[in-house]
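Heads up: the structure comes next, in structure tokens.
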Amino acid sequence: MIFYIRRYFSALRTHQKWLILAVVPLVMYLAFAALRDDQFIVTQDFSYAGEIPVAATSNPVGTLTLDALLRDQDQLFLDSFALMQVQRKLELMQEGGALPAEHELRRLVHTTLGLTQEADAILRLSYQGQDAELGKTLVDFYTERLMKRVVDGWSRSQSPANLTFM
């Protein structure tokens, strides 16, 4: 291997005009990599069929459709109870680290999380931000929360038809 390195440097000394073409792209790449912020994307895909009722957080017996939740994602992400649970979960994960305040957490969740419909029957919950561990935690938490709300919505939509009073 040392032979090849010596040969490379010997060729660069011989052809000094080409030295710029060999070094400048490397320097440009290193400068760009140092200035660029890393972005991580964490996703979770869901497959579904038909109309899916989702439990509404503003009404103890109400439901909304998945399409309505897609149009107004703040009903899933910015629910006060959910944000309080996320804050607790982050406090348990990080020991003595700098945790975002409640309004900062609200802004962080609003700007980094998204729920999109990728195909006719596929939903994607995604995080795009600078902290991969935080992204995994948020996606896991909101995946679990969405699944619980779907189960609750399904039971809410079925219960009035099966309810009888004596």
For [X] and [Y], work out which heavy atoms get closest and say how close.
X	Y	result
Val42	Ala132	CG2-O, 4.2 Å
Asp79	Arg145	OD2-NH2, 2.5 Å
Leu64	Arg149	CD2-NH2, 4.3 Å

May I ask you to test the Gln44-Leu146 pair for a side-chain heavy-atom distance under 4.5 Å? no
Kindly indicate whether the side chain of Leu134, heavy atoms from C-beta on, has any atom under 4.5 Å from the side chain of Phe40. no
Find the distance between [atom1] ([X]) and [atom2] ([Y]) and round it off to the nearest 0.5 Å.
X	Y	atom1	atom2	result
Ile52	Thr63	CD1	OG1	11.5 Å
Leu125	Phe77	CG	CZ	5.0 Å
Leu83	Leu90	CG	CG	10.5 Å
Leu78	Leu105	CG	CG	9.0 Å

Excluding sequence neighbours, so at least two apart, what forms side-chain contact (heavy atoms from CB on, under 4.5 Å) with Gln117? Tyr48, Asp67, Leu70, Leu123
Just grab all the salt bridge (Lys or Arg N to Asp or Glu O under 4.0 Å) pairs involving residues 116-139, residues at least two apart or on different chains. Asp45-Arg124, Glu118-Arg124, Lys136-Asp140
Distance-only donor-acceptor pairs under 3.5 Å for side chains of residues 19-35, two or more places apart:
none

Distance-only check: which donor-acceptor pairs under 3.5 Å involve side-chain atoms of residues 107-114, not counting sequence neighbours?
from   : atom 1 : to     : atom 2 : distance (Å)
His110 : ND1    : Asp74  : OD1    : 3.3
Thr111 : OG1    : Arg107 : O      : 3.0
Thr111 : OG1    : Leu108 : O      : 3.3
Thr112 : OG1    : Leu108 : O      : 2.6

Looking at residues at least two apart in the chain, or sitting in another chain, which of them share a salt bridge (Lys or Arg N to Asp or Glu O under 4.0 Å) with Glu144? Lys148
Between the side chain of Arg156 and the main-chain N/O of Pro53, is any donor-acceptor distance below 3.5 Å? no
Applying a strict under-4.5 Å side-chain criterion to I, L, V, M, F, W and Y, I'd like to know whether Val151 and Val54 cluster together. no
Is Ile122 reachable from Tyr142 through a run of I, L, V, M, F, W or Y residues, each pair having side-chain heavy atoms under 4.5 Å apart? no
Under 3.5 Å, side-chain donor or acceptor atoms of residues 6-17 against the rest of the protein: list the pairs with distances, not counting sequence neighbours.
from  : atom 1 : to    : atom 2 : distance (Å)
Thr14 : OG1    : Ser10 : O      : 2.8

